[in-house]
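Keep in mind that what you see is a predicted model, and the values were worked out from it rather than measured. Heavy-atom basis, side chains included; hydrogens, waters and symmetry copies ignored. Heads up: numbering here begins at 1 and tracks the sequence.
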Amino acid sequence: MPYVPTRYAARADWRQKIVNGGGGGNVNSWVIDIINYWTWRSPPGAQSLDDAWRRLRMPQDHARKAFSTQPPHPNNDVGLVPPEVASRVFARSLAKSVDPATDTLLDLDPPIPVTMVTETSSLTPPRYTPRADWQARLEALDPAAGTWQADLARYWQLRKAGQPEPEAWRAVAMSPANARLALVTAPVTDGNDSGLIPCIVDGPERDTVACRVLARSVSTEVDPDDIYPGLVLS
């Protein structure tokens with residue numbers, strides 16, 4: 001499928017490490033955020049997941065730092081995000097304005113046993129691979145106005161006319177709902193539009209708008225500056 005969601009595996013000792021204070025750090029860090037969240041979720045007086053997450057108000061920068069592609073070791077805090085809230089933390093990492101109730105596609109793997117020689121990564125980044133005929137298909141489309149296909153077709157017309165990626169993306173102003181529809185996970189077939197987001201990995205015509213579509217898909221606002229550089233393009 002063109003869009004492959006993130007995979008996340010918590011460290012096996014995440015509860016114990018949170019209770020023990022993680023690796024410490026300053027009072028304004030993602031680790032302290034996670035400690036606070038789990039404190040509010042724990043008895044006595046345990047709060048619901050929704051209430052604790054809304055109360056936390058984790059900044060986007062902290063959410064991005066909370067995930068690492070490194071393996072969890074005894075001397076780091078990799079994999080400390082509780083699995084129950086991982087999809088919300090990841091959604092917060094994608095865009096600056098995200099509804100606290102928003103989940104995003106994130107597949108959970110079994111917890112990783114923690115040793116000094118653990119090699120399993122905690123996070124497998126999301127990946128996007130366009131269909132082989134995406135350019136020809138976009139240029140031949142006659143989509144209905146207001147659809148996500150129409151947004152992508154217009155974006156590509158602007159790019160072909162010489163507009164830089166940021167300017168073309170700003171002009172299209174794709175809605176969050178259309179961005180979610182554009183991230184089709186179904187396998188590519190002649191009968192669908194899966195994999196239609198433009199993507200050119202290298203060269204002078206390089207295009208990374210898929211990183212912007214992913215960020216827009218969880219946002220509550222049309223912010224042209226939202227982008228998720230962690231999306232792997234191929």
- Item | T118 side chain to P113 backbone, donor-acceptor under 3.5 Å | yes
task = Using only heavy-atom distances, determine whether the side chains of S97 and T220 contain a donor-acceptor pair under 3.5 Å.
result = yes
R170 bridged to D225 by N-O distance under 4.0 Å:
yes
If we ignore hydrogens and angles and just use 3.5 Å, is the side chain of S121 paired with the main-chain N or O of T124 as donor and acceptor?
no
- Task: Test side chain to side chain contact (heavy atoms under 4.5 Å, CB included) on L152 and W156 and set out the steps.
- Result: CA-CA 6 Å; L152 294 181; W156 190 240; over 6 Å; no
Establish whether I227 and V98 are linked, either directly or via other cluster members, by ILVMFWY side-chain heavy-atom contacts under 4.5 Å. no
D107 side chain vs V4 backbone, donor-acceptor pair below 3.5 Å: no
task: Could you tell me whether the side chains of D51 and S48 share a donor-acceptor contact shorter than 3.5 Å?
output: yes
Any Lys/Arg nitrogen of D207 or R212 sitting under 4.0 Å from an Asp/Glu carboxylate oxygen of the other? no
According to a hydrophobic-cluster definition based on side-chain heavy atoms being under 4.5 Å apart (Ile, Leu, Val, Met, Phe, Trp, Tyr only), do V209 and L196 belong together? yes
Using atom types as modelled and distance alone, determine if a side-chain donor or acceptor of R92 lies under 3.5 Å from a backbone N or O of H62. no
Mark yes or no for whether N178, through its side chain, and S175, through its backbone, hold a donor-acceptor pair below 3.5 Å. no
In terms of side-chain heavy atoms, does S234 have a donor or acceptor partner in T129 at a distance below 3.5 Å? yes
Any donor-acceptor pair under 3.5 Å linking the side-chain atoms of S42 with those of T39? no
Taking the side chain as everything from C-beta on, heavy atoms only, tell me whether T120 gets closer than 4.5 Å to P71.
no
Residue set satisfying ring-ring contact (aromatic ring centres under 6.0 Å, His included) with F67, at least two apart, ordered chain then number -> Y8, F90
Given 3.5 Å as the limit, does a donor-acceptor pair link the side chain of Y155 with the main chain of A171, or not? no
Salt-bridge contact R216-D226 (side-chain N to carboxylate O under 4.0 Å):
no
Quick one: does R64's side chain have a donor or acceptor within less than 3.5 Å of a partner on S93's backbone? yes
For V222, the other hydrophobic cluster members (4.5 Å side-chain criterion, sorted by chain and number) are none
Single-linkage hydrophobic cluster, 4.5 Å side-chain cutoff, L108 and V85 together: yes
Rounded to the nearest 0.5 angstrom, the CH2-SG distance for W169 and C211 is 11.0 Å
Review point. Does R11 use its side chain to pair, donor to acceptor, with the backbone of I112 at less than 3.5 Å?
Key: no
task = Ignoring hydrogens and angles, tell me if any N or O in the side chain of R131 forms a donor-acceptor pair with the backbone of P2 under 3.5 Å.
result = no
Original post:
Taking atom NZ of K65 as the centre, does the number of heavy atoms from other residues, nucleotides or ligands within less than 6.0 Å exceed 12?
Top reply: no
- For the side chain of W53 and the backbone of P100, is there at least one donor-acceptor N/O pair under 3.5 Å apart? yes
* Asked: Is it the case that more than 12 heavy atoms not belonging to N75 sit under 6.0 Å from its CG atom?
  -> yes
